[in-house]
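Structure record follows, encoded as structure tokens.
Values below: all heavy atoms of this structure, side chains included; hydrogens, waters and symmetry mates excluded. Chain naming here is simple, since letters A, B, ... match the order of the sequence lines and numbering starts at 1 in each.
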Amino acid sequence: MSSMSSNQYDLRVFKPEEVRLFRSSPNDATIRLTVNDERSWYNVRISRAFPFSDPEAYIGLRDGNDAEIGLIEDMKALDPASRALLDIELERRYFTPKVEAVTVADEVHGLVTFRVKTDRGDRTIVIRNLRDSSFQLGPNRLMLVDIDGNRYELPDVRSLGPVAYTVLAKVI
Amino acid sequence: MSLIDTPPESVSQALTRGASLNGNGLHNDDSQKRNGNGSQETHPEPEIRLSLATDLAQNGEFGERWLLVDDTNVSVVSYSSNGKAHIDLSRPISGLREARTETLVDSGALLLVDKSGDTAEALRYSTGLSGVFAGAARAIKSYIDDEDVPESIGKDMRRKKCPTCGDPLPEDTGVCIRCIDKRAVLLRLLSFAFPYPKQLILMTALMIIGTFLGILPTKVQQILTDSVLVPHKHISWIPWIVFLLILMSGMAVALNVWRGRVAAWLSNHIVYSIRTIAYERLQSLSLGYYDKRQTGSLLARITQDVNELQAFIVDGIQLFVVNTLQIVMIMATLLVSNWQLTLLVLIPVPLTVYLTRRISKVLWNTLHRLYYVRSGLSGAISSVLSGVRVVKAFAQEARETEKFRKRSHTLFEAQVNVEKAWATYFPILGFITTLGTYVIWFYGGREVVHNPLNLPGHGMTLGYLMMFLNFIAMLMSPLSQMTRMADWLSRSTAAAERVFEVIDAEPDVLNASDAVRMPRIEGRVELKNVRFSYDKNQNVLQDVSLTVEPGEMIGLVGHTGAGKSTLINLLSRFYDVQEGAILIDGVDIRQIDVEDLRSQVGVVLQEPFLFPGTIADNIAYARPDSSRLEIMKAAKAANAHDFVMKFADGYDTYVGERGARLSGGERQRLSIARAILHNPRILILDEATASVDTETEKKIQEAIGRLITGRTTFAIAHRLSTLRNASRLVVIERGKVAEVGTHDELMALPEGIFRKLVNMQQEVNKMHQEVSELNVV
């Protein structure tokens with residue numbers, strides 16, 4: 001097993017056929033991982049290495065103590081059952097709503113209120129100090145942090161219409 | 001209790017009906033589990049102990065869902081916008097082992113673990129509700145263990161909302177910018193001028209007279225035109241009228257100068273008072289207040305917000321009053337002269353006001369973008385220039401130049417946009433403001449023509465026509481200023497409100513109204529079941545109990561983040577415990593007069609802070625009235641005297657920012673001298689010898705040895721060898737007391753944490769020794 005190097009400073013990248021993910025039992029929400037049907041881990045957590053720039057590549061698998069077990073390079077090549085479970089778990093773990101449309105954008109003395117449609121439903125976002133609460137992820141791509149610490153991704157600011165653009169143009 | 005939100009009726013009914021349902025419109029997926037034994041019982045009126053709404057639905061989208069806990073079950077009920085409720089999950093409390101939260105990316109989940117170890121996700125919530133559901137998990141755990149829910153749970157966990165508009169209130173100010181009562185704020189702002197009634201009255205009088213004198217010449221010009229120039233009469237009046245005009249203008253200028261000087265003194269005095277009061281308040285607030293707010297945001301209150309106020313108080317209020325007076329006086333004169341024409345002239349005014357507002361908004365936005373891009377560019381330049389060695393080392397000059405070119409081009413575009421907007425809107429605005437003039441020429445001109453004898457009772461005279469034109473020109477500037485004034489007023493009242501919020505803040509750590517005076521503390525310290533967390537989310541200390549006798553030295557040991565420093569913060573009463581109590585000489589620390597307590601608790605920190613000033617000033621910081629001899633004695637006892645005397649300026653050596661550079665060990669010994677002079681009954685040493693060499697450590701150890709005699713001492717140290725003199729050692733592990741005992745007792749524990757830590761340090765020391773021996777060879 002070339003990918004399971006013994007050196008702790010080497011990245012362990014699993015081949016898709018080596019990895020199997022499943023629920024420990026029907027009543028248990030935690031995930032179990034077996035590698036080559038030889039070793040098994042309970043309560044496995046997953047994490048994306050590049051959640052914004054390449055969310056499908058390099059999915060990290062971590063044990064109950066949050067130590068890395070290894071990485072899955074290409075989740076598409078996993079067996080269908082593992083792949084389905086991974087999809088569910090990624091959907092659960094990564095919540096960040098993506099803003100698809102802005103219906104109202106209003107700025108009063110540094111307090112910006114957006115009424116938005118996101119892929120997770122409608123929401124009102126209130127942001128204080130737009131400059132300190134917005135982060136550029138790429139050209140025309142923004143991350144906003146609202147007054148409660150919730151984050152929202154704006155994949156393409158220019159597609160959100162003039163109402164939003166007037167307010168957001170300042171920070172892109 | 002604060003863990004109760006009021007659920008919609010159908011949600012609470014779902015619980016009552018849920019167990020006995022079928023046919024009542026509610027569904028229950030696992031009603032069998034509700035009472036733990038599979039039988040179906042009805043719950044006539046289950047007493048809800050906890051009910052909280054989450055903002056995420058079962059499908060992971062935004063929606064309403066409820067966590068309800070009654071006497072027997074933990075349930076999750078979905079609520080849809082059509083008013084239907086649906087029990088998604090229900091678990092008997094008796095079948096649960098644990099309730100905890102899991103932090104996800106931008107959300108969190110409440111998990112229920114049953115006795116067999118199976119974990120079920122009860123619900124998810126967005127990040128903003130993390131604190132609320134962390135409290136809920138702890139409450140459920142208390143129900144499982146059949147314990148009382150600690151009082152602190154649920155307190156202040158929800159973001160406060162503005163009672164008027166429902167907008168969330170910013171945590172650090174609690175001020176709703178939309179809804180603040182501008183008049184009340186303005187009045188409070190002006191109330192700072194009330195202690196100076198003479199200046200206030202003088203300034204008001206000067207404003208009224210000055211404004212009146214400012215518009216009077218226009219009226220005199222009308223008289224000159226109609227009574228002298230047109231009828232060619234009273235030619236001898238001309239020099240007198242001209243003299244009068246010069247006199248009036250001169251007096252108006254003189255009065256305005258006087259008013260400006262009085263206003264400068266008065267308004268800056270208001271700002272000075274506000275700044276001083278706000279700073280005094282900041283000093284008196286507890287550390288808990290600072291934790292909740294970023295230092296930057298507090299600095300902004302004292303500097304930016306007060307500056308904003310300064311601009312408004314110094315210029316804004318005067319401008320506002322003078323403009324109002326000017327508008328009222330001019331309008332009154334115009335209406336009395338010819339009310340029909342006045343009303344006609346006013347027709348374009350609403351359009352002007354509307355356009356000014358719109359244009360200001362567009363200009364404001366383009367200007368904002370320009371500032372943003374410009375500051376981004378200068379930030380980028382400064383970071384690349386400070387990292388220029390890295391850029392060159394990796395030969396990335398071309399890429400950095402290209403990145404800069406792109407940013408520079410964005411700045412160019414932003415600048416062009418501002419200039420274009422400026423060039424476009426201002427001439428248009430100028431044109432619109434002159435529209436009133438054309439109305440006057442058109443109607444007034446016709447009236448003048450129909451009044452060939454220029455008689456006042458027979459229509460408009462030439463003099464009145466000129467007066468109208470002059471007054472309209474004079475009116476436009478205050479009118480356009482007043483339209484921008486509304487924004488300025490809102491911004492300034494918001495700034496004022498933020499500053500007042502600091503002034504009105506109540507410290508968390510308050511002197512109790514029945515505080516006990518303790519002029520001399522003996523030094524017996526008891527901790528009883530102390531629990532504390534900074535953010536109400538995660539416990540830093542839990543169930544810590546310890547009794548320390550007067551004069552004992554307690555060494556606190558544990559990994560980084562174990563809770564040692566927090567314990568020390570509680571002993572200094574920088575924060576108050578959330579549960580349990582700390583007693584000093586049998587009195588609850590919260591009951592002891594804060595000044596008495598602080599004057600008898602001394603602290604030596606890991607990174608001693610020296611204020612800008614002389615060495616003597618720094619040693620005498622806690623007792624500024626100390627004699628020179630006392631200062632030197634303290635320094636001698638702290639092993640500091642010898643190095644101080646070697647400085648050219650001795651005890652008068654200036655230290656702190658831009659002062660003499662002292663080594664870590666020297667600073668540390670000065671801070672020990674400070675503590676010795678302070679002569680505390682309870683002493684706290686926080687990693688006092690962390691970053692010094694062995695020789696210096698020895699000197700500091702000697703100094704500490706002298707310092708701790710006869711005082712109750714708590715010492716934190718990473719080098720465990722420095723705690724050899726401690727009466728007892730307390731090992732703290734994940735917020736709990738794990739081991740207590742003397743050095744020898746703890747070393748005797750075969751699997752003890754302390755023993756492991758000592759062994760590890762010895763191995764590291766051995767390695768260091770071997771390395772240095774190799775170097776010598």
Side-chain angles (χ1 to χ4, degrees), chain A residues 23-31 42-43 45 47-48 51 88-97 106-111 113 116-132 134 136 139 143 145-153 165-172, chain B residues 55-57 59-63 102-109 111-114 116-121 124-130 159 167-173 176-178 294 296-297 361-362 364-373 375-376 410 414 417 487 490-491 493-495:
Chain A
R23 298 259 186 228
S24 305
S25 83
N27 292 329
D28 195 5
T30 59
I31 294 179
Y42 288 93
N43 200 7
R45 292 169 204 186
S47 58
R48 284 178 166 135
I88 292 170
E89 194 57 18
L90 283 172
E91 172 77 7
R92 185 180 100 89
R93 177 158 289 273
Y94 288 87
F95 175 71
T96 324
D106 166 41
E107 186 172 16
V108 186
H109 317 303
L111 195 76
T113 310
V116 297
K117 288 186 192 306
T118 75
D119 60 341
R120 303 279 189 167
D122 296 353
R123 186 83 159 169
T124 301
I125 310 177
V126 181
I127 292 163
R128 191 159 172 250
N129 195 345
L130 195 57
R131 265 180 70 167
D132 293 347
S134 59
Q136 205 150 3
M143 179 74 91
V145 184
D146 80 1
I147 199 161
D148 285 319
N150 298 311
R151 300 193 305 171
Y152 301 86
E153 190 189 337
Y165 190 75
T166 317
V167 176
L168 291 170
K170 292 197 277 288
V171 291
I172 53 168
Chain B
D55 52 356
L56 296 186
N59 61 4
E61 296 191 357
F62 290 118
E102 183 185 3
T103 306
L104 306 169
V105 179
D106 294 316
S107 66
L111 306 178
L112 299 175
V113 185
D114 68 20
S116 66
D118 285 349
T119 305
E121 182 186 277
R124 268 177 268 160
Y125 44 84
S126 69
T127 302
L129 294 174
S130 305
R159 176 175 287 288
D167 266 3
L169 293 175
E171 206 160 87
D172 56 344
T173 62
C176 180
I177 299 174
R178 258 176 238 279
Q294 292 167 341
S297 118
K361 206 164 181 176
V362 174
W364 188 250
N365 271 338
T366 50
L367 268 175
H368 247 272
R369 180 164 158 73
L370 178 66
Y371 295 147
Y372 180 74
V373 174
S375 73
T410 316
N417 278 344
D487 271 345
S490 300
R491 268 205 319 278
T493 41

The criterion is side chain to side chain donor-acceptor pair (under 3.5 Å); which residues satisfy it with A:Arg45, sequence neighbours excluded?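 Partners of A:Arg45 under the side chain to side chain donor-acceptor pair (under 3.5 Å) test: none.
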Heavy-atom distances under 4.5 Å only: say whether [X] touches chain B with side chain, backbone, both or neither.
X        : answer
A:Thr124 : neither
A:Ser25  : side chain
A:Pro51  : neither
A:Asp122 : backbone

CD of B:Glu102 to OG1 of A:Thr30: how many Å apart, nearest 0.5 Å?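 Rounded to the nearest 0.5 Å, the CD-OG1 separation comes out at 10.0 Å.
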Could you give the distance from CE (A:Met143) to CG (B:Asp106), rounded to the nearest 0.5 Å?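 Separation between the atoms: 6.5 Å.
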Looking at every non-hydrogen atom in both residues, tell me the closest pair between [X] and [Y] and how far apart they are.
X        : Y        : value
B:Arg124 : A:Glu91  : NH1-O, 4.4 Å
B:Phe62  : A:Gly121 : CD1-O, 3.7 Å
A:Arg92  : B:Ala109 : NH1-CB, 3.7 Å
A:Ala29  : B:Ala120 : CB-CA, 4.4 Å
B:Asp118 : A:Asn27  : OD2-CB, 3.5 Å

Flag side-chain contact, heavy atom, 4.5 Å: B:Leu104 against A:Tyr94: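 Heavy-atom side-chain distance check fails, nothing below 4.5 Å.
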Side-chain touch B:Val105/A:Arg151, heavy atoms, less than 4.5 angstrom: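 The answer is yes, as the side chains (C-beta and beyond) meet within the 4.5 Å cut-off.
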May I ask you to decide whether A:Arg123 forms a salt bridge with B:Glu61, counting only side-chain N to carboxylate O separations under 4.0 Å?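 Salt bridge: no.
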Please determine whether ring-ring contact (aromatic ring centres under 6.0 Å, His included) holds for the pair B:Tyr125 and A:Phe95, giving the CA-CA distance in whole Å, both sets of side-chain angles, and the decisive distance to 0.1 Å. CA-CA 10 Å; B:Tyr125 44 84; A:Phe95 175 71; over 10 Å; no
Just give me the residue among B:Val113, B:Thr119, B:Asp55, B:Thr366 that pairs up with chain A most often, heavy atom to heavy atom, under 4.5 Å.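 Ranked by contacts with chain A, first place is B:Thr119.
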Residue B:Leu367 versus chain A: region with a heavy atom under 4.5 Å: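 Neither part.
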Chain A heavy atoms under 4.5 Å from B:Ala414: which part of the residue, side chain, backbone, both or neither?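 Contact with chain A is absent: no heavy atom of B:Ala414 under 4.5 Å.
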Under 3.5 Å: donor-acceptor pair, side chain of A:Asn150, backbone of B:Thr127: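 Yes, the answer is positive, given that a donor and an acceptor are paired below the 3.5 Å cut-off.
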